[in-house]
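Per chain, numbering begins at 1; letters A, B, ... match sequence-line order.
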Protein chains: 2
Amino acid sequence: MMELTRKGEYAIRGIVYLAGKPIDKVCLLSDIAAAVDVPPTFLAKIFQQFSKMGLVKSFRGTGGGFMLGRAPENITLLEVVEAVEGPIIPNRCVVTPSDCGRSDFCNVHPVWKRVQGGVRGVLEGVTLKELSAGK
Amino acid sequence: MMELTRKGEYAIRGIVYLAGKPIDKVCLLSDIAAAVDVPPTFLAKIFQQFSKMGLVKSFRGTGGGFMLGRAPENITLLEVVEAVEGPIIPNRCVVTPSDCGRSDFCNVHPVWKRVQGGVRGVLEGVTLKELSAGK
DNA sequence: CACTAAAAAGACTTTTTCTATCTTTTTAGG
DNA sequence: CCTAAAAAGATAGAAAAAGTCTTTTTAGTG
């Protein structure tokens, strides 16, 4: 359970690749896709989402492509993951307590809150700079 | 992302209900299902899994039903969740590093390991006894 | 023994989500 | 105006989740 989807995996690969390039270098989607081994059409969708969130900047037309929207040390893995997968929600009761009907009596609720906080904490503590750093 | 499935949610509801009963009380599946508002046929599948893992004991025939397999303070939420959802795996690379092909160069891998450890730690620290305790 | 109650097991259906592709449109440069 | 590239939208196939139904096994009871 709790598994990242392909989309999320691809998203990370793609943006980490970008983070490893000079900040103002414009990269072709097709090049990124080839480099990180992701279907180009799928990666296109992912980068569109990134673009809307400001995580990357896009340029259309000849000479167009993508570059990172901010310095890699200012982009956390949490942002990247949530950009394409949506918020970290271990159980729906975390977002709408009314969902399980008996929220007032549910002792499990706070546990999911802790899980959520834990996961978010870990992902928030990692930046693209660290992830793109060579060994 | 990282969302518990209905199956997992139902599983927790069902076994927490059992944990709130006297340890040797045999409960009918149909009663449990009605009490926690879960489709009986679905809950049946879930309890079959519990039974195989020893989390509950089952009795067939007249007067049959289910009871908790162990004292509620000795069953953790982690066990319950993993019994029906499988292991906590934030990303497949955590289980088979070869999967992403370039495991040796992947800085993300240890992050997922930490997420996995964090989630497991939280769930492992909670027992059915605590979950079934009234307010 | 025959009957009934209850869980176990397996097959099956429906719905939803994921994964991926294709086509058309918009934007920009040469 | 032509070409390059991303944006947007529609669609399709595959897989997983959610749920149901039927048959079988097990056990108690009159």
Side-chain angles (χ1 to χ4, degrees), chain A residues 1-15 18 25-34 36-69 81 83-87 89 91-92 99, chain B residues 1-15 18 25-34 36-69 81 83-87 89 91-92 99:
Chain A
M1 77 162 298
M2 304 240 136
E3 206 160 333
L4 193 72
T5 64
R6 292 281 171 87
K7 189 176 178 186
E9 165 72 19
Y10 293 166
I12 295 171
R13 284 194 211 172
I15 203 166
L18 257 195
K25 153 102 177 179
V26 175
C27 297
L28 281 182
L29 183 78
S30 53
D31 289 347
I32 305 171
V36 300
D37 193 29
V38 169
T41 54
F42 201 175
L43 194 64
K45 292 297 177 192
I46 292 167
F47 269 62
Q48 280 173 30
Q49 289 186 261
F50 280 159
S51 180
K52 282 176 189 163
M53 315 285 303
L55 293 181
V56 304
K57 286 177 194 154
S58 72
F59 304 93
R60 294 173 158 197
T62 311
F66 296 90
M67 64 168 64
L68 221 53
V81 169
V84 297
E85 301 262 29
I89 298 172
N91 196 1
R92 56 188 67 190
D99 238 34
Chain B
M1 75 164 299
M2 306 237 136
E3 206 160 331
L4 193 72
T5 63
R6 292 279 172 85
K7 190 176 179 185
E9 164 73 18
Y10 293 165
I12 295 170
R13 284 193 212 173
I15 203 166
L18 258 196
K25 154 101 178 180
V26 174
C27 296
L28 281 181
L29 182 77
S30 54
D31 289 347
I32 304 170
V36 300
D37 192 28
V38 169
T41 54
F42 201 176
L43 194 64
K45 293 295 176 193
I46 292 166
F47 269 62
Q48 280 172 29
Q49 291 186 257
F50 280 159
S51 182
K52 282 177 190 162
M53 315 285 304
L55 293 180
V56 305
K57 286 177 194 153
S58 73
F59 304 93
R60 294 171 157 198
T62 311
F66 296 88
M67 64 168 66
L68 220 53
V81 169
V84 297
E85 300 263 29
I89 297 173
N91 195 2
R92 57 188 67 191
D99 238 35

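- Protein atom CG of A/D31 is 14 Å distant from nucleotide atom C1' of D/dA6, rounded to whole Å.
- Between the side chains of A/E3 and B/N91, no donor N or O sits under 3.5 Å from an acceptor N or O.
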Let me have a per-nucleotide readout for nucleotides 11-24 of chain D, 5' to 3', with B, S or -, counting only protein heavy atoms under 4.0 Å. -------SSB----
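- Between A/L55 and A/A83, the shortest heavy-atom contact is CD1-CB, 3.8 Å.
- Shown here for B/E85 and B/T5, the closest heavy-atom pair between the two residues is OE2-OG1, 2.9 Å.
- Closest heavy-atom contact between B/L18 and B/F66: CD2-O, 3.8 Å.
- Within 4.0 Å of B/F66, counting heavy atoms only, lie sugar-phosphate atoms of the nucleic acid but no base atom.
- Within the 4.0 Å cut-off from OP1 or OP2 of D/dA6, not a single side-chain nitrogen or oxygen of A/S51 is found.
- Contact annotation for B/F59: backbone-only contact, meaning every heavy-atom pair under 4.0 Å involves sugar-phosphate atoms and none involves a base.
- Within 4.0 Å of A/K52, counting heavy atoms only, lie sugar-phosphate atoms of the nucleic acid but no base atom.
- Taking both residues in full, the closest heavy atoms of B/V56 and B/F47 are given as CG2-O, 3.9 Å, listed atom of the first, atom of the second, then distance.
- We find that CZ of A/F50 is positioned 13 Å from P of D/dA7, with the value rounded to whole Å.
- Taking atom CG on A/L43 and atom P on C/dC22, their separation rounds to 16 Å, with Å as the unit.
- The nearest whole Å value for the distance from the CD atom in A/Q49 to the P atom in D/dA8 is 11 Å.
- Comparing A/S58 and A/G61 by the nucleotide of DNA chain D that holds the closest heavy atom to each, the one mapping nearer the 5' end is A/G61.
- Atom CG in A/L29 sits about 13 Å away from atom C1' in D/dA4, given to the nearest Å.
- Residue B/D31 qualifies as enclosed at atom CG: its count of foreign heavy atoms under 6.0 Å is above 12.
- Taking atom CD on A/Q48 and atom C1' on C/dT27, their separation rounds to 14 Å, with Å as the unit.
- A/V26 and A/M67 make their closest contact through CG2-CE, 3.5 Å (heavy atoms, listed as atom of the first residue, atom of the second, distance).
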